[in-house]
Amino acid sequence: MASLLHRSRASLPSAPTLLSRWFPHVQLPLVISAPMFNASNGILAAAVSRAGGLGIVPGGWELAPGGVHLKNLDAELRAARKALDLDDKPLTPMPVAAGLVLCKADAARRFEEGVLPLLVEHSPQGVWLFAPDPDVEAEAQREGAPTPGSLRSIIGLLHHAGFVVMVQVGSVAAAREAATYGADVIVAQGIDAGGHQLARTASVVSLVPEVKTMLETDFPEKEIALVAAGGIVDGRGVAAALVLGAEGAVLGTRFLLSKEATTHAYQRKVVAETADGGLSTIKSTVHDQVRGTTVWPALYDGRAVVGTSYSEYSSGVPVEELQKRLKEGQERGDHSRMVTWAGTGVGLVNEELPAGDIVREVREAAKKRIKEVQNLV
Ligand SMILES: Cc1cc2nc3c(=O)[nH]c(=O)nc-3n(C[C@H](O)[C@H](O)[C@H](O)COP(=O)(O)O)c2cc1C
């Protein structure tokens with residue numbers, strides 16, 4: 001299989017960070033846009049990378065051959081290549097990553113015949129992995145071998161093809177596993193994050209430093225970059241992530257209001273109008289139960305704005321009734337029961353801007369904040 005990346009891996013040996021060595025287009029401090037299925041897309045990812053950030057194209061989880069999300073990923077990677085003016089240069093790796101969710105075991109087990117050829121064809125420089133299926137992982141551990149579909153086997157396949165591999169995790173134990181299996185980038189996702197995450201996790205304030213210490217202690221010889229995700233929406237958050245030991249920050253919720261995002265109009269309004277994220281968002285499995293989404297393993301829940309369905313659930317309405325009300329609402333064209341996945345930083349997200357402007361603004365604000373902080377010591 002052709003190796004796509006060795007050129008860029010070697011191209012900037014003296015770069016200030018590992019990520020700027022592997023993605024030479026990036027500017028520091030590094031702003032990464034999260035993959036957000038149904039909300040971010042190839043054009044958004046391209047705009048982020050064009051502005052010196054790192055854009056991640058969302059892939060979803062129905063990734064077995066013929067899977068609906070696979071077709072969507074194909075279209076979005078194509079759109080990213082076009083937006084980056086690379087569509088007449090098919091062999092040039094794209095300065096974006098593709099973000100895949102691995103929790104559908106059948107798709108993960110068929111990774112080599114399903115998603116891998118597509119990645120090789122479109123050649124994003126990186127691949128982001130999230131939420132491996134716990135049963136597949138347990139099977140791989142029992143057998144002591146890289147069972148097909150396991151994180152270890154998928155990282156192996158991606159490395160063989162030359163991709164930089166990013167793995168989003170929510171605990172020190174999961175970060176250690178990802179590092180053992182060869183992850184190049186650990187994305188430490190804290191409890192403030194919007195969307196799906198480990199039900200039991202910690203804030204980036206404690207997660208990032210402990211993961212950093214673990215990487216330095218257990219993997220002193222390995223070059224593994226660490227970035228932070230969860231509740232980071234502006235330059236202050238990015239500056240904090242750097243101080244905690246990360247070399248960049250991932251922003252999801254902030255990009256929900258970018259012009260390029262495919263965020264639904266109702267969700268845009270909710271994000272723009274919601275304040276005080278600790279009170280106004282909630283981590284729960286109820287959001288998925290009401291929508292009838294059963295794909296997420298029991299270890300995960302998701303953070304979303306408290307909406308009509310969740311409020312009614314809290315006052316005792318059974319899930320089956322809420323599913324019925326959602327369906328009836330949808331049939332009437334009433335979107336007020338839509339789930340708006342968002343992090344606790346949502347209160348600071350109220351302005352719609354082009355994604356590139358968000359990247360530049362956040363980067364400059366982070367630099368400014370770091371300079372201000374120097375006067376405090
Ligand atoms: C609307 C939305 C959709 C998301 N979808 C995905 C996804 O498809 N894949 C993934 O790995 N993470 C997904 N996430 C989680 C992000 O990767 C990231 O952890 C999170 O956005 C960071 O927190 P923040 O939203 O507070 O910035 C999603 C987050 C949101 C808000």
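Numbers here are sequence positions counted from 1. All ligand and atom numbering here is 1-based and tracks the order in the structure.
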> Any idea which part of A34 is under 4.0 Å from ligand 1, heavy-atom wise: side chain, backbone, both or neither?
Replying inline: side chain
> For ligand 1, is any non-hydrogen atom under 4.0 Å from Q189's backbone (N, CA, C, O), its side chain (CB onward), both, or neither?
Replying inline: side chain
>> Using a 4.0 Å cutoff against the non-hydrogen atoms of V101, which atoms of ligand 1 qualify?
In response: 9 (N)
> Given P35, A261, G194, which has its nearest heavy atom closest to atom 6 (C) of ligand 1?
Replying inline: P35
> Between R254 and ligand 1, which part of the residue brings a heavy atom under 4.0 Å of the ligand: side chain, backbone, both or neither?
Replying inline: neither
> Q168 heavy atoms, cut-off 4.0 Å: which ligand 1 atoms fall inside?
Replying inline: 11 (O), 12 (N), 17 (O), 18 (C), 19 (O)
>> For T253, which part has a heavy atom under 4.0 Å from ligand 1: side chain, backbone, both, or neither?
In response: both
>> To check you understand the geometry: which heavy-atom pair defines the closest contact between A239 and I370, and what is its length?
In response: CB-CG1, 3.7 Å
>> Looking at every non-hydrogen atom in both residues, tell me the closest pair between E76 and G42 and how far apart they are.
In response: OE1-N, 2.8 Å
> Under a 4.0 Å heavy-atom limit, does F130 contact ligand 1 with its side chain, its backbone, both, or neither?
Replying inline: side chain
> Which of the numbered atoms in ligand 1 are below 4.0 angstrom from a heavy atom of D192?
Replying inline: 26 (O)
> Within the side chain of R200, is there an N or O that forms a donor-acceptor pair under 3.5 Å with the backbone of S171?
Replying inline: no
>> Taking 4.0 angstrom as the limit and counting only heavy atoms of G343, give me the atoms of ligand 1 inside it, by number and element.
In response: 26 (O)
